[in-house]
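Naming: A, B, ... by sequence-line order, numbering from 1 per chain.
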Amino acid sequence: MNTQKFFALVDCNNFYVSCERLFRPELNNRPVLVLSNNDGCVIARSNEVKALGVKMGTPYFKVRGLAQRHGVKVFSSNYSLYGDLSHRVMDVLQQLEPEVEIYSIDEAFLMLPGSRFVDLASHCHTIRERVRQCVGIPVSLGVAPTRTLAKVANQFAKKDPACAGVCCLETPDAIDHLLVQTGVGDVWGIGNRSVEKLRRRGIVNGLQLKQADDDWIRRQLTVSGLRTVMELRGVSCIEIDDSRAQKRTLVCSRSFGRPVKDLPDLREALSSYVSRVAEKLRAQRSLASSLHVFLLTNRFRTDLPQYSRTLTLHLPEPGSSTPHLLRPALKGLEQLFKTGYLYQKVGVMLTGLVPAGQRQLSLFTANASSDTELMTAMDQINRRWGRDTLCYGGTGRAKTWAGRQSFCSPAYTTRWEDLPQVGAGSEKCQENVLPDGIIEGS
DNA sequence: TCTGGGGTCCTAGGACCC
DNA sequence: TCTGGGGTCCTAGGACCC
């Protein structure tokens with residue numbers, strides 16, 4: 001009997017693209033890409049777009065021409081849709097397996113004791129089929145004795161057609177066979193900086209990294225790097241913090257759709273972000289002890305004067321009500337603001353988060369319960385009727401500074417008026433092809 | 001013209017204490 | 001001339017992830 005423990009990494013294939021295709025099946029086998037907020041960078045690519053050589057994170061303006069020539073369907077990111085479909089995928093996994101660690105919006109680790117299975121691979125194919133059947137999102141599974149190796153296996157599950165979406169590494173030989181074909185930069189935890197250090201030492205593939213000298217790794221790549229190496233050797237030592245549902249910091253910040261130079265616009269934007277971050281804070285039932293406001297210009301415009309400052313404010317006592325955070329934030333912004341710059345972004349970060357139950361009141365605290373009730377009521381209304389149904393006046397109505405979202409698909413699964421219509425003559429099901437060959441989102 | 005947003009962990013260095 | 005040693009806490013910045 002196999003007493004070994006295995007990790008299976010379930011990863012949704014080109015997740016955001018798969019979400020968009022789910023309601024637009026005519027886009028299957030056609031090039032599709034999804035852009036970041038403000039339509040800035042490419043953050044998801046279909047295989048067809050990858051084949052065109054478009055890299056992850058490329059600024060969209062650099063590939064716009066290429067996209068148009070190849071009839072690439074372009075989408076702005078639609079997080080209500082992706083978040084909802086992510087929940088559905090995770091629900092299915094949790095129905096099938098007792099131990100599921102949700103790692104990101106499109107990935108989860110499953111703990112699979114080897115003893116439970118005669119055939120690990122066929123069990124994984126079953127999981128894959130169930131997710132496709134219940135949600136319609138294609139996933140790949142990589143299975144191995146550690147999370148880092150499961151990540152490696154997953155890459156092969158995706159790219160080797162012979163795997164049919166599942167790759168199990170059950171023997172040392174199988175592991176080394178894949179590691180020698182894996183570039184160090186494709187190992188989870190090894191970023192560009194480390195790739196360069198390793199290359200100078202002649203370490204370019206996963207097997208060489210696995211065999212590297214511990215002391216050298218410890219010195220050059222810190223303990224995080226050493227953990228990665230241990231994981232390649234089959235020693236599981238990277239834990240996923242399950243308490244990550246409770247964030248230790250919360251941020252809200254966006255690039256503007258156009259450069260902003262005046263304080264009133266900055267105040268509106270910052271007020272919106274503070275309202276949003278306070279909502280997130282209350283949703284996880286925490287209070288913030290410190291608040292950081294930051295303001296910066298466009299770092300790519302080297303021809304313009306640059307400015308980037310952060311101001312940290314320690315709150316007199318931890319809190320979560322929007323006005324409690326709004327007042328110091330706006331005061332901080334006024335201290336940071338200087339005329340004569342074209343600003344690209346303003347944002348707020350909350351740190352020193354403590355559970356709401358552990359509130360330490362100051363000697364002079366007024367009764368805060370009326371504030372709490374107001375916030376609870378406001379959050380309930382906004383959850384029921386949609387974001388910003390009730391909002392603070394300072395957040396502005398016109399929001400002329402807001403980012404671009406030119407190609408956004410409907411919130412098919414989370415907004416009544418966006419429910420897909422089925423039947424003959426339904427306009428929502430029809431594709432809208434513009435004369436120049438590029439297809440804009442409906 | 002146009003370059004995301006939101007996180008975590010680790011380390012070094014400063015402030016402070018005894 | 002000469003200026004301790006060790007501990008904690010905090011913060012900023014680096015590296016990495018999706």
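- If A:Thr222 and A:Arg254 are placed on DNA chain B by their nearest nucleotide, the residue sitting closer to the 5' end is A:Arg254.
- Residue A:Met56 contributes atom CE, which lies 12 Å from atom P of C:dC17 at whole-angstrom precision.
- No engagement by A:Leu35 is indicated, since no non-hydrogen atom pair under 4.0 Å with the nucleic acid exists.
- Taking atom CD1 of residue A:Ile105 and atom P of nucleotide C:dC18, one finds them 14 Å apart after rounding to whole Å.
- Remark: side-chain polar atoms of A:Glu99 are not paired, donor with acceptor, to backbone N or O of A:Met111 under 3.5 angstrom.
- The separation of B:dC16 from C:dG4, taken at their C1' atoms, amounts to 15 Å, rounded to a whole angstrom.
- Nearer to the 5' terminus of DNA chain B, by closest-nucleotide assignment, is the contact made by A:Gln344 (compared with the other of A:Gln344 and A:Val223).
- Summarising the geometry, the separation between CG on A:Asn37 and P on B:dT3 is reported as 12 Å, rounded to the nearest angstrom.
- A:His292 comes within 4.0 angstrom of no nucleic acid atom, judged by non-hydrogen atoms across all strands.
- Between the CZ atom of A:Phe61 and the P atom of B:dT1 there is a distance of 9 Å, given to the nearest Å.
- Across all strands shown, A:Leu221 has no heavy atoms under 4.0 Å from either base or sugar-phosphate atoms.
- Among the protein residues, A:Ser194 comes within range of the sugar-phosphate backbone only, with heavy atoms under 4.0 Å from sugar or phosphate atoms but none that close to a base.
- Contact annotation for A:Arg404: backbone-only contact, meaning every heavy-atom pair under 4.0 Å involves sugar-phosphate atoms and none involves a base.
- Side-chain N or O atoms of A:Asn38 include one that pairs as donor or acceptor with a backbone N or O of A:Phe256 at under 3.5 Å.
- Nucleotide B:dG5 holds its P atom 13 Å from the OH atom of A:Tyr16, rounded to whole Å.
- Nucleotides C:dT3 and B:dC17 are separated by 23 Å at their P atoms, to the nearest Å.
- Contact annotation for A:Arg218: backbone-only contact, meaning every heavy-atom pair under 4.0 Å involves sugar-phosphate atoms and none involves a base.
- Within the 4.0 angstrom heavy-atom criterion, only backbone atoms of the sugar-phosphate kind lie near A:Val187; the bases stay farther away.
- A:Asp39 comes within 4.0 angstrom of nothing in the nucleic acid, heavy atoms only.
- In terms of heavy atoms, A:Met90 sits closest to A:Ala108 at SD-CB, 3.8 Å.
- Contact annotation for A:Arg276: no contact, since no heavy-atom pair falls under 4.0 Å across all strands.
- Under the Watson-Crick or G-U wobble criterion, with both distances below 3.5 Å, C:dC10 is paired with B:dG13.
- In this structure B:dC18 sits in a base pair with C:dG5, meeting the Watson-Crick or G-U test at under 3.5 Å.
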